[in-house]
Amino acid sequence: MSLTTRCPTCGTAFRVQPAQLSARGGKVRCGKCSSVFDGVAALVAEGGAPQAAPAEPEPSPQLALFESARRLPALAATGDAANQDAAVPEFLDEPPRPKRRLVWFLASLLGFVALAAQSLQYRNEISARFPDARLYFVSACALLACEVKLPRSPKLLSIESSALEMDGRRENVIVLSATFRNQAPYSQEYPALELALKDVRDQVVARRVLRPADYLGAAAGKRIARGIEGGADVALRIHFDISGLSAVGYEMKLFFL
């Protein structure tokens, strides 16, 4: 038994066998205009063709070439023998789908590489805000010869208090007492401290720069590695010998080397 299906776009009718029509779940492609349509929904009864449609279905030129190359039985053939092991003619094939998997894979890979590069660029800030991520950045930097440092935000460091006074036990020795705060919500690297001594004319007579190891004292290494926690205060007390200096004032500032 043969059936007739008609392309809704160009009106071309084709004879098909049920086995051929069911090979793609009913989806077919017109051999003339290449439109894809539901061949089951477009079935027409023998002798009951739609308006202005040709009485007899006409074969597809592409179909004839396909059958000749493969020596397949004609679609117009009738009977059960034509339905057995029926091959799928060309006009019943679905249009080839674009192979997009490789494109999507490459695009995803490129996006991942770009994200990883951007993350490495801001590794210090990300590590400070998300401490668990620090281990991953350290491992990555071990391969890429980079370093994961604590963030440096000098604008978020403030000197809360400071005082400079003579040491009552030793002559020509002054004591600097100061407290500075990390106003950032994340840990920061310890800054360097600069102390400038001034005379009565407000001229600098001596200047000294102290690194974190100079003013943190005991366990400086561990404290430097941890950094200043967000919102934490750092108190320091440092002695200076001012022999031969006529200092009456001072100026202190924090900065990063």
Side-chain angles (χ1 to χ4, degrees), residues 117-142 144-257:
Q118 188 174 18
S119 299
L120 280 173
Q121 182 180 358
Y122 297 99
R123 61 188 179 276
N124 298 331
E125 289 77 5
I126 295 175
S127 298
R129 292 180 179 271
F130 306 99
D132 292 340
R134 184 179 180 85
L135 294 176
Y136 297 100
F137 285 118
V138 170
S139 300
C141 283
L144 301 175
C146 57
E147 185 179 358
V148 182
K149 296 182 179 180
L150 291 167
R152 293 179 169 187
S153 302
K155 294 182 179 181
L156 296 179
L157 291 174
S158 62
I159 299 174
E160 298 298 304
S161 63
S162 67
L164 191 65
E165 56 187 0
M166 298 299 298
D167 187 348
R169 297 175 299 175
R170 289 176 292 180
E171 187 177 359
N172 296 325
V173 174
I174 58 174
V175 181
L176 172 66
S177 300
T179 300
F180 62 89
R181 176 175 298 170
N182 176 18
Q183 296 179 336
Y186 47 83
S187 297
Q188 282 204 71
E189 185 177 329
Y190 277 92
L193 182 153
E194 181 184 275
L195 177 65
L197 300 179
K198 298 183 177 182
D199 59 16
V200 292
R201 295 175 297 176
D202 201 33
Q203 298 296 315
V204 176
V205 295
R207 190 188 305 273
R208 183 173 177 185
V209 173
L210 301 176
R211 296 175 179 269
D214 298 326
Y215 63 76
L216 288 179
K222 293 182 179 179
R223 295 180 65 180
I224 292 173
R226 290 196 306 267
I228 315 171
E229 295 183 0
D233 290 341
V234 178
L236 53 89
R237 186 176 175 85
I238 310 170
H239 295 76
F240 297 94
D241 188 342
I242 58 169
S243 301
L245 298 176
S246 56
V248 295
Y250 73 98
E251 181 180 10
M252 186 179 75
K253 64 179 182 180
L254 304 173
F255 66 101
F256 289 102
L257 293 172

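Values in this document were obtained by computation on a predicted structure and should not be read as measured data.
Put simply, the side chain of Leu197 does not reach to within 4.5 Å of the side chain of Val204, judged on heavy atoms. Side-chain contact between Ile159 and Leu254 is present, with at least one heavy-atom pair separated by less than 4.5 Å. Within the 4.5 Å cutoff, side-chain heavy atoms of Pro154 are placed close to those of Phe256. Here the side chains of Leu193 and Val209 are not in contact, with every heavy-atom distance at 4.5 Å or above.
Here Ile174 contributes atom CD1 and Phe240 contributes atom CZ; the two are 6.5 Å apart, rounded to the nearest 0.5 Å.
Heavy-atom minimum distance, Ser187 versus Pro151: O-CD, 3.3 Å. Scanning both residues, Ala206 and Leu245, for their nearest heavy atoms gives CB-CD1, 3.7 Å. Scanning all heavy atoms of the two residues, the minimum distance from Pro191 to Ile228 falls at CD-CD1, 3.9 Å. The two atoms that bring Leu176 and Met252 nearest to each other are CD2-SD, 3.8 Å, heavy atoms only.
Under the side chain to side chain contact (heavy atoms under 4.5 Å, CB included) criterion, Ala140 pairs with Leu120, not counting sequence neighbours. A search for salt bridge (charged side-chain N to carboxylate O under 4.0 Å, His left out) contacts involving Arg181 returns Glu160, Asp233, not counting sequence neighbours. For Ala184, the side chain to side chain contact (heavy atoms under 4.5 Å, CB included) test picks out Leu156, Asn182, Tyr186, Gln188, with sequence neighbours left out. Applying the side chain to side chain contact (heavy atoms under 4.5 Å, CB included) test to Val248 and every residue at least two apart in sequence or in another chain returns Val200.
Between the side chain of Arg152 and the backbone N or O of Tyr190, no donor-acceptor pair lies under 3.5 Å.
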Q: Kindly indicate, with the supporting measurements, whether the criterion side-chain contact (heavy atoms from CB on, under 4.5 Å) is fulfilled by Val175 and Leu164.
A: CA-CA 6 Å; Val175 181; Leu164 191 65; over 6 Å; no
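Each side-chain hydrogen bond (donor to acceptor under 3.5 Å, both in side chains) pair with one or both residues in residues 240-257, not counting sequence neighbours, appears once here: Ser162-Tyr250, Lys198-Glu251, Asp241-Ser243. Applying the side-chain hydrogen bond (donor to acceptor under 3.5 Å, both in side chains) test to every pair with at least one member in residues 205-230, sequence neighbours left out, gives these pairs: Glu194-Arg207.
Residue Glu171 qualifies as open at atom CD: its count of foreign heavy atoms under 6.0 Å is 12 or below.
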